[in-house]
Amino acid sequence: MNIILMGPPGAGKGTQADLIKASFPIPHISTGDIFREAVSNETKLGREAKKYMDSGKLVPDAVTIGIVQERLMQADCQNGFMLDGFPRTTVQAEALADVLTKMGKKLEAAFNISVPDDILIARMSGRVSCNKCKTVYNTRFNPSIKEGICDKCGGNLIHRDDDNEETVKNRLNVYNDQTKPLMQYYGEHGILHDINGNRDTNTVFNEIKAILGSI
Ligand code: AP5
Ligand code: MG
């Protein structure tokens, strides 16, 4: 099963990816997580990516496409994969189509999770994630049992640097300008599923799960 999760910042892509993984054993490839890992390890990629992430801009296509291509070639993607936060531009979508054609694969579903802007802003201001296992929580909507501590692994829960008000505003603008047009692209390819993400997490997941069960 080869799928992509799309939607604005804070829509619940990562949250749904965790639930999907538990039911369908396919690797979760989040470009945002890859960049954050590189930033925390202070690699060359991390230093480059941070310049863009801190202001809410997209990391240049050439950098991002190379990383995803390499990741998709790895053995664990042979039986399927779930992309989260990629593609985000038309150039990325076309590069993905090319690489999949070369690999003899095709995308089966693109989920467009939508949520009104005011809810997205509230979600991002309350988001915390585990510094070890990356599980995402929300201090308001989905708190951990013990404040600041991950229920799953005991790691520390931290706020993302790009969840400040100014950067969130920029990320939403970038999404509307550069990523939203991709919905038409995947609609024309007949694989787009519009999902109302403004419902509780399990209701959203059950709708996605039913679609995945039918492909
Ligand atoms: P990335 O990490 O992909 O961030 P994003 O797209 O802005 O999305 P988020 O991770 O913020 O939100 P999400 O949809 O995963 O929501 P979540 O599940 O956490 O990218 C970060 C940066 O990296 C970009 O700005 C860019 O610079 C760079 N980058 C990444 N990919 C790139 C690419 N392809 N090209 C170029 N640059 C790239 O949920 C949010 C909160 O809401 C959580 O607290 C959660 O608990 C809560 N929540 C989730 N679902 C629900 C629900 N149903 N009800 C109530 N609360 C909920
Ligand atoms: Mg995410």
Side-chain angles (χ1 to χ4, degrees), residues 4-21 28-39 45-46 48-69 71 82-93 95-96 111-130 134-144 150-151 157-164 166-180 182 195-208:
I4 56 183
L5 299 176
M6 308 182 76
K13 302 180 293 294
T15 301
Q16 292 301 322
D18 281 345
L19 294 168
I20 294 169
K21 256 190 306 197
H28 168 208
I29 304 170
S30 156
T31 38
D33 285 347
I34 293 171
F35 290 138
R36 277 184 290 279
E37 185 73 18
V39 170
L45 170 67
E48 171 76 4
K50 189 170 166 38
K51 289 192 281 190
Y52 300 94
M53 295 170 85
D54 280 353
S55 55
K57 291 186 186 142
L58 295 183
V59 177
D61 283 338
V63 176
T64 311
I65 289 167
I67 286 166
V68 174
Q69 280 175 338
R71 183 65 188 85
M82 163 171 45
L83 285 167
D84 159 1
F86 183 96
R88 268 171 139 101
T89 64
T90 308
V91 173
Q92 291 181 11
L96 176 62
F111 292 98
N112 170 30
I113 306 174
S114 51
V115 174
D117 280 6
D118 56 334
I119 307 283
L120 294 172
I121 290 165
R123 284 186 185 181
M124 283 182 278
S125 72
R127 170 171 42 197
V128 285
S129 46
C130 176
K134 313 296 175 211
T135 300
V136 177
Y137 298 86
N138 195 289
T139 52
R140 205 164 129 200
F141 306 118
N142 173 31
S144 57
C150 178
D151 297 346
L157 302 184
I158 50 170
H159 277 286
R160 269 172 46 175
D161 287 346
D162 61 350
D163 276 346
N164 65 74
E166 189 62 27
T167 308
V168 162
K169 222 188 293 164
N170 291 341
R171 287 161 61 200
L172 286 170
N173 288 337
V174 166
Y175 172 79
N176 286 322
D177 291 347
Q178 300 193 54
T179 308
K180 221 173 179 182
L182 286 185
I195 305 289
N196 172 5
N198 191 18
R199 296 172 294 171
D200 77 82
T201 302
N202 283 321
T203 306
V204 176
F205 174 60
N206 285 335
E207 187 176 345
I208 293 176

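When a ligand or atom number is given, it counts from 1 through the structure's own listing order. Side-chain atoms are counted along with the backbone in the values below, which use heavy atoms only and exclude waters and symmetry mates.
- Looking only at distances, a side-chain donor or acceptor of Q92 sits under 3.5 Å from a matching main-chain atom of R88.
- In this structure, of Q16, K134, R127, R123, the residue bringing a heavy atom nearest to atom 57 (C) of ligand 1 is R123.
- The ligand atoms of ligand 1 that sit less than 4.0 angstrom from a heavy atom of G14 are 13 (P), 15 (O), 18 (O).
- For N138 (side chain) and R123 (main-chain N/O), a donor-acceptor pair under 3.5 Å exists by modelled atom type.
- In terms of protein heavy-atom proximity, atom 18 (O) of ligand 1 is nearest to T15 OG1, 2.6 Å.
- Within the 4.0 Å heavy-atom shell around ligand 1 one finds G10.
- At least one side-chain heavy atom of M124 sits less than 4.5 Å from a side-chain heavy atom of R171.
- Distances from atom 55 (C) of ligand 1 to the heavy atoms of F205, F141, F86 show the closest one on F141.
- The nearest heavy-atom contact from the protein to atom 7 (O) of ligand 1 is R171 NH2, 2.8 Å.
- Listed by number with element, the atoms of ligand 1 under 4.0 angstrom from any heavy atom of V136 are 19 (O), 43 (C), 44 (O), 45 (C), 46 (O).
- Heavy atoms of other residues, nucleotides or ligands lying less than 6.0 angstrom from NZ of K134 number more than 12.
- Residue R199 places at least one N or O, backbone or side chain, under 3.5 Å from an N or O of ligand 1.
- When side chains are defined from C-beta on, R127 does not count as touching Y137, because their heavy atoms never get closer than 4.5 Å.
- Heavy-atom proximity to atom 4 (O) of ligand 1, evaluated over K13, R160, K51, is greatest for R160.
- Contact annotation for Y137 and ligand 1: only backbone heavy atoms (N, CA, C, O) come within less than 4.0 Å of the ligand.
- Considering only non-hydrogen protein atoms, atom 26 (C) of ligand 1 sits nearest to K57 O, 3.5 Å.
- Of all atoms in ligand 1, listed by their number and element, those nearer than 4.0 Å to a heavy atom of Q92 are 33 (C), 34 (N), 35 (N), 36 (C).
- The pair D84-K13 does not count as a salt bridge, with every side-chain nitrogen at least 4.0 angstrom from each carboxylate oxygen.
- At a 4.0 Å heavy-atom cut-off, ligand 1 touches T64 through the side chain alone.
- Near R36, with a cut-off below 4.0 Å to any heavy atom, the atoms of ligand 1 are 2 (O), 21 (C).
- For atom 32 (C) of ligand 1, the nearest non-hydrogen atom of the protein is R88 CD, 3.4 Å.
- Between the side chain of T167 and the backbone N or O of S55, no donor-acceptor pair lies under 3.5 Å.
- The nearest protein atom to atom 23 (O) of ligand 1, hydrogens excluded, is given as M53 CE, 3.5 Å; this is a heavy-atom distance.
- Contact analysis leaves R140 out of contact with ligand 1, as no non-hydrogen atom separation drops below 4.0 angstrom.
- Residue contact check: D162 has heavy atoms under 4.0 Å from atoms 21 (C) of ligand 1.
- Among protein heavy atoms, the minimum distance from atom 34 (N) of ligand 1 is reached at G85 O, 2.9 Å.
- Contact of the F141 side chain with the T201 side chain is not registered, since no non-hydrogen atoms from C-beta on lie closer than 4.5 Å.
- Residues I29 and M82 have side chains not in contact (no heavy-atom distance under 4.5 Å, counting atoms from C-beta outward).
- The side-chain heavy atoms of V63 and L45, taken from C-beta on, include a pair separated by under 4.5 Å.
- For atom 31 (N) of ligand 1, the closest non-hydrogen atom of the protein is T31 OG1, 2.7 Å.
- Formation of a donor-acceptor pair under 3.5 Å by the S144 side chain with backbone atoms of D151 is not found in this model.
- Within the 3.5 Å criterion, the main-chain N or O of R199 finds no donor-acceptor partner in the side chain of T203.
- Residue A11 has at least one heavy-atom neighbour below 4.0 Å for each of these atoms of ligand 1: 14 (O), 16 (O).
- Residue, atom and distance of the protein heavy atom nearest to atom 37 (N) of ligand 1 are V59 N, 3.0 Å.
- Taking the side chain as every heavy atom from C-beta outward, N198 and P116 approach each other to under 4.5 Å.
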